[in-house]
Amino acid sequence: MDQQSQRYVLDFERPIAELERKIQELKNLAKREGIDLSEEIQRMENRLQKLEAETFLNLTPWQRVQLARHPLRPKTLSLVNMIFDEWMQLHGDRLYSDDQAIVGGFGRINAYRFVFIGHQKGESIKENLKRNFGMAHPEGYRKANRLMSLAERFGLPIISFIDTPGAYPGIEAEQRGQAEAIAANLEKMSHLKVPIIVVIIGEGGSGGALGIGVGDKVLMLENAIYSVISPEGCAAILWKDQTKVEEAAAALKLTAQDLLKLGIIDKIVPEPRGGAHRDIEKTANNIKEAILEEIKILSEISPEELVAKRKEKYRKMGKFRSNKDE
Amino acid sequence: MGWFERTYNRIKKGKKKIDVPDGLWTKCVNCSEIIYNKTLDDNLRVCPKCGYHFYIGARRRIEITLDKDSFVEYNSKIYSHNPLDFPGYEEKLKKGEQTTGLDEAVVIGEGKLGGKSVAIGVTDFGFMGGSMGSVVGERLTIIIERAIEKKLPLIIISGSGGGARMQEGVLSLMQMVKTSSAIAELKSKGGLYISVLTNPTMGGAMASFASRGDIIIAEPGALLGFAGPRVIMQTIKQQMPKNFQKAESLLEHGMVDLVVERPNIRPTLIKILNFLL
């Protein structure tokens with residue numbers, strides 16, 4: 001673990017961090033005193049390996065929520081910068097303003113040209129204030145809408161990065177039609193004539209995530225989450241107790257693993273052990289490979305068939321039974 | 001002992017409570033007027049004194065909207081179960097059935113309005129807040145598809161304060177896409193969609209089918225929006241402007257075409273249909 005991530009040790013990572021600290025101490029001691037502790041160090045490193053495997057291979061839904069919200073988790077523009085060979089950002093919804101919580105622009109991987117859109121959380125507190133913690137106003141969704149029209153006109157596929165606690169619940173957002181802006185995007189994305197690949201990279205917060213989250217293929221990072229309501233909100237409603245977040249996180253079936261089983265996402269993109277922030281370059285590379293794999297297939301499909309398939313995919317979404325008293 | 005604690009009961013309780021049969025009178029939540037229930041019903045459950053619009057269920061709504069006895073319900077034969085094994089969901093469904101007499105939070109079908117055939121869907125706030133899970137999404141999609149197929153104007157009357165149904169997780173979010181996709185299809189084929197918004201319609205319902213009518217009509221005083229007022233208050237920690245998220249405010253901000261009192265909704269719909277079709 002590097003120094004920066006040590007500042008953000010999650011509660012369930014504490015035993016690991018503690019062991020890492022001890023190993024480092026031993027190493028320092030051995031160096032300082034010139035004694036050979038390699039056997040002891042090796043023994044502890046084996047233990048660390050085992051402990052890490054136990055922890056990170058059996059993450060609970062709530063632990064994944066914590067990883068998905070990790071302050072050091074790579075944000076959209078960091079990934080964009082690593083995924084694309086070249087890229088540029090475009091701004092504004094042409095109606096009101098340039099929402100800093102949703103970004104978009106052009107990007108190229110090899111010979112594939114894309115339009116990208118995505119929620120943008122801040123890398124620091126200062127940037128988060130500017131980015132509104134990745135919570136978009138209607139103008140963010142309308143900027144995305146405008147860029148999608150552009151993509152359609154030039155036959156460019158779209159990559160959408162999802163990472164938001166939700167659409168911003170504020171007075172002005174409501175007055176300018178938050179619900180309408182999201183709904184308009186759902187209509188548009190369901191019928192857009194170019195491929196759409198959605199990558200859920202962190203938090204998929206309800207309608208605010210879905211507002212740029214309709215796609216031919218929906219990929220999801222291993223520790224990302226996607227939920228109809230935050231675990232905190234769910235716990236408050238269900239148990240009138242905001243501390244029951246662990247139960248709520250489990251009940252909501254918000255992990256990539258659960259959502260794959262439910263047929264809501266198409267593919268899980270692996271993260272480095274310990275979470276995407278442990279090796280951002282590797283994470284970006286995994287996403288890039290997954291995108292390339294999908295775009296090869298999607299770019300072969302005619303626009304008409306693409307739209308027909310997408311419509312059919314969402315038409316089938318939902319689980320119910322046909323007998324009342326089953 | 002506190003300074004002002006009472007040591008004895010000064011207020012004598014009456015020996016016998018006068019029995020008022022339940023459901024004879026209703027106190028207006030807005031102006032506190034005590035209204036005789038029959039009067040309230042005859043007035044389409046609008047307070048005769050202050051004009052407050054009380055909740056009415058989906059069946060009654062259809063009755064007061066469509067031509068007499070013209071409604072034919074479409075029995076989709078699909079019912080909710082508990083796909084996520086969500087705690088307490090079955091009980092919530094059962095309670096919804098008991099309070100509304102419906103088997104889900106939406107009723108769909110065809111009927112006539114001023115003699116013209118229409119496809120109609122009505123969500124019922126009394127059934128789990130009118131929230132949209134798989135069945136509500138599927139039924140609405142079915143009626144939208146029928147409207148496309150039979151070239152009928154589509155009317156959806158929403159009372160969906162519950163938005164996307166929490167108990168079905170992301171499956172509920174997917175219903176937003178499913179209904180929106182069908183609405184987009186209807187529009188692309190030249191169909192007409194009129195959305196009628198009633199108190200309250202929020203969240204996932206508002207962020208999909210409800211806010212995208214070609215024409216949007218709202219009932220006076222209806223709470224309409226994306227985020228609930230409590231969530232907003234917790235986030236911004238300041239007072240809300242007057243009439244915030246009320247139908248009248250949405251009209252002012254250009255989000256709805258008309259705010260129409262309940263008794264006038266039927267004639268307004270007929271007028272629109274006659275003009276456009």
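Lettering follows sequence order; numbering is per chain, from 1.
Residue A/Leu262 holds its CG atom at 6.0 Å from CG of B/Leu84, rounded to the nearest 0.5 Å. To the nearest 0.5 Å, atom CD of residue B/Glu252 and atom CD of residue A/Gln175 are 8.5 Å apart. The distance from the CZ atom of B/Phe226 to the OG atom of A/Ser206 is 6.0 Å, given to the nearest 0.5 Å. B/Glu104 CD to A/Phe320 CZ: the interatomic distance, rounded to the nearest 0.5 Å, is 11.0 Å.
Side chain of A/Arg321 to backbone of B/Ser80: a donor-acceptor contact under 3.5 angstrom is found.
No side-chain heavy atom of A/Val228 sits less than 4.5 Å from a side-chain heavy atom of B/Glu168. Put simply, the side chain of B/Ser181 reaches to within 4.5 Å of the side chain of A/His191, judged on heavy atoms. You'll find the side chain of A/Glu174 stays beyond 4.5 Å of the side chain of B/His253, heavy atoms only.
Top candidate by heavy-atom pairs under 4.5 Å with chain A, chosen from B/Lys187, B/Met233, B/Met240, is B/Lys187. Highest contact tally toward chain A, considering only B/Lys178, B/Met166, B/Arg212, B/Met255, is held by B/Arg212 [criterion: heavy-atom pairs under 4.5 Å]. Looking only at heavy-atom pairs under 4.5 Å with chain A, the residue among B/Ile236, B/Val135, B/Val177 that has the most is B/Val177. Between chain A and the residues B/His81, B/Arg165, B/Met176, B/Lys77, the largest count of heavy-atom pairs under 4.5 Å involves B/His81. With chain A as the partner, the residue from B/Thr235, B/Leu250, B/Leu173, B/Leu224 showing the most heavy-atom pairs under 4.5 Å is B/Leu173. Taking A/Ala251, A/Pro169, A/Ser190 one by one and counting their heavy-atom pairs under 4.5 Å with chain B, the maximum is reached by A/Pro169. In terms of non-hydrogen atom pairs under 4.5 Å with chain A, the most contact-rich of B/Ala207, B/Gly203, B/Gly169 is B/Ala207.
Nearest approach of A/Gly170 to B/Phe244, heavy atoms of both residues: O-CZ, 4.4 Å. When all heavy atoms of A/Ile264 and B/Val170 are compared, the pair lying nearest together is CG2-CG1, 3.6 Å. The two residues A/Trp239 and B/Pro87 make their nearest non-hydrogen contact at CZ2-CG, 4.1 Å. For the pair B/Tyr79 and A/Ser322, the tightest heavy-atom approach, listed with the atom from each and the gap, is CE1-O, 3.8 Å.
Using a 4.5 Å cut-off between non-hydrogen atoms, the part of residues 178-186 of chain A that approaches chain B consists of A/Gln178, A/Ala179, A/Glu180, A/Ile182, A/Ala183, A/Ala184, A/Leu186. Residues of residues 142-162 of chain B lying under 4.5 angstrom from chain A, judged on non-hydrogen atoms, are B/Ile142, B/Glu145 in numerical order.
With a 4.5 Å cut-off on non-hydrogen atoms, A/Ala173 does not touch chain B at all. In this structure, no portion of A/Leu254 lies under 4.5 Å from any heavy atom of chain B. Heavy-atom distances place the side chain of A/Ile229, and not its backbone, under 4.5 Å from chain B. With a threshold of 4.5 angstrom between heavy atoms, A/Arg176 approaches chain B through N, CA, C or O but not through any side-chain atom. At a 4.5 Å heavy-atom cutoff, the contact between B/Met206 and chain A is made by backbone and side-chain atoms alike. Only the side chain of B/Glu97 comes within less than 4.5 Å of a heavy atom in chain A; its backbone stays farther off. Interface remark: B/Ser208 contributes backbone and side-chain atoms alike to the contact with chain A (heavy atom separation under 4.5 Å). Proximity to chain B is limited to the side chain of A/Leu210, based on heavy atoms less than 4.5 angstrom apart.
Between A/Lys316 and B/Glu138 there is no salt bridge, since none of the side-chain N atoms of the basic residue sits less than 4.0 Å from a carboxylate O of the acidic one.
Around the NZ atom of A/Lys313, the shell of radius 6.0 Å holds more than 12 heavy atoms that belong to other residues, nucleotides or ligands. Open room surrounds CD on A/Glu172; 12 or fewer heavy atoms of other groups in view lie less than 6.0 Å from it.
Under the side-chain contact (heavy atoms from CB on, under 4.5 Å) rule, B/Leu171 has a single partner from A/Lys319, A/Met317, A/Lys253, which is A/Lys319.
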